[in-house]
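Note sheet for the following structure.
The shown structure was predicted, so the numbers you read here are calculated from the model rather than taken from an experiment. The first residue of the sequence shown is numbered 1, and numbering continues consecutively from there.
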Amino acid sequence: KYKGQLVYIKRSEITLEINDYLIEDFIGMTVYFNEKYLGLIKEISYNNANKLLLISNEKKNFYLPLNDNFIDQVLINEKKVIVKNVEGLI
């Protein structure tokens with residue numbers, strides 16, 4: 001019945017388990033690599049291959065794919081993302 005259509009739901013109607021999150025939760029989180037601050041997640045973009053996090057700091061903006069190759073930990077309560085394998089991307 002709803003195939004191919006957009007379906008909306010209120011966030012208040014979603015029950016998440018501990019350590020679960022929605023992709024929108026990434027917006028506003030801080031990003032760290034090897035304990036070094038990389039920036040703040042400003043938006044999420046979608047392309048054919050990946051979801052991309054736009055990370056912004058005082059010097060530049062860059063995109064990081066949202067997948068297990070680059071995301072090490074998501075600390076929801078701390079609003080913090082720990083990344084890995086980003087040496088060539090930043």
Side chains of residues 34-45: which donor-acceptor pairs under 3.5 Å do they make with residues two or more places apart or in other chains?
| unit_1 | atom_1 | unit_2 | atom_2 | d |
| --- | --- | --- | --- | --- |
| E43 | OE2 | S45 | OG | 3.4 |

What pairs of donor and acceptor atoms, side-chain ones from residues 72-89 against any protein atom, are under 3.5 angstrom apart with sequence neighbours left out?
| unit_1 | atom_1 | unit_2 | atom_2 | d |
| --- | --- | --- | --- | --- |
| K84 | NZ | D68 | O | 3.2 |
| N85 | ND2 | N69 | O | 2.8 |

Excluding sequence neighbours, so at least two apart, what forms side chain to side chain contact (heavy atoms under 4.5 Å, CB included) with [X]?
{"X": "I18", "answer": "none"}
{"X": "K59", "answer": "N57"}
{"X": "L6", "answer": "Y8"}

Handout entry: Where at least one partner belongs to residues 49-90, residue pairs that pass ring-ring contact (aromatic ring centres under 6.0 Å, His included), sequence neighbours excluded
Key = none
Practice task
Verify side-chain contact (heavy atoms from CB on, under 4.5 Å) between N47 and L52, making sure each step is shown before the conclusion.
Solution key: CA-CA 8 Å; N47 68 19; L52 300 171; 3.6 Å; yes
Practice task
Supply the members, apart from L22, of the Ile/Leu/Val/Met/Phe/Trp/Tyr cluster built from side-chain contacts under 4.5 Å; use none for a lone residue.
Solution key: I9, I14, L16
Practice task
Could you list who else is in V7's hydrophobic cluster, with ILVMFWY side chains joined at under 4.5 Å, directly or through other members?
Solution key: Y2
Exercise for the section: Identify the heavy atoms of N61 and S56 that sit nearest to each other, and give their distance. Expected result: OD1-OG, 2.7 Å
Exercise for the section: Can you sort out the partners of F26 under ring-ring contact (aromatic ring centres under 6.0 Å, His included), two or more places apart, ordered by chain and number? Expected result: Y21
Practice task
Enumerate the residue pairs fulfilling salt bridge (Lys or Arg N to Asp or Glu O under 4.0 Å) with a member in residues 15-30, sequence neighbours excluded, ordered by first and then second residue.
Solution key: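 Those involving residues 15-30 are R11-D25.
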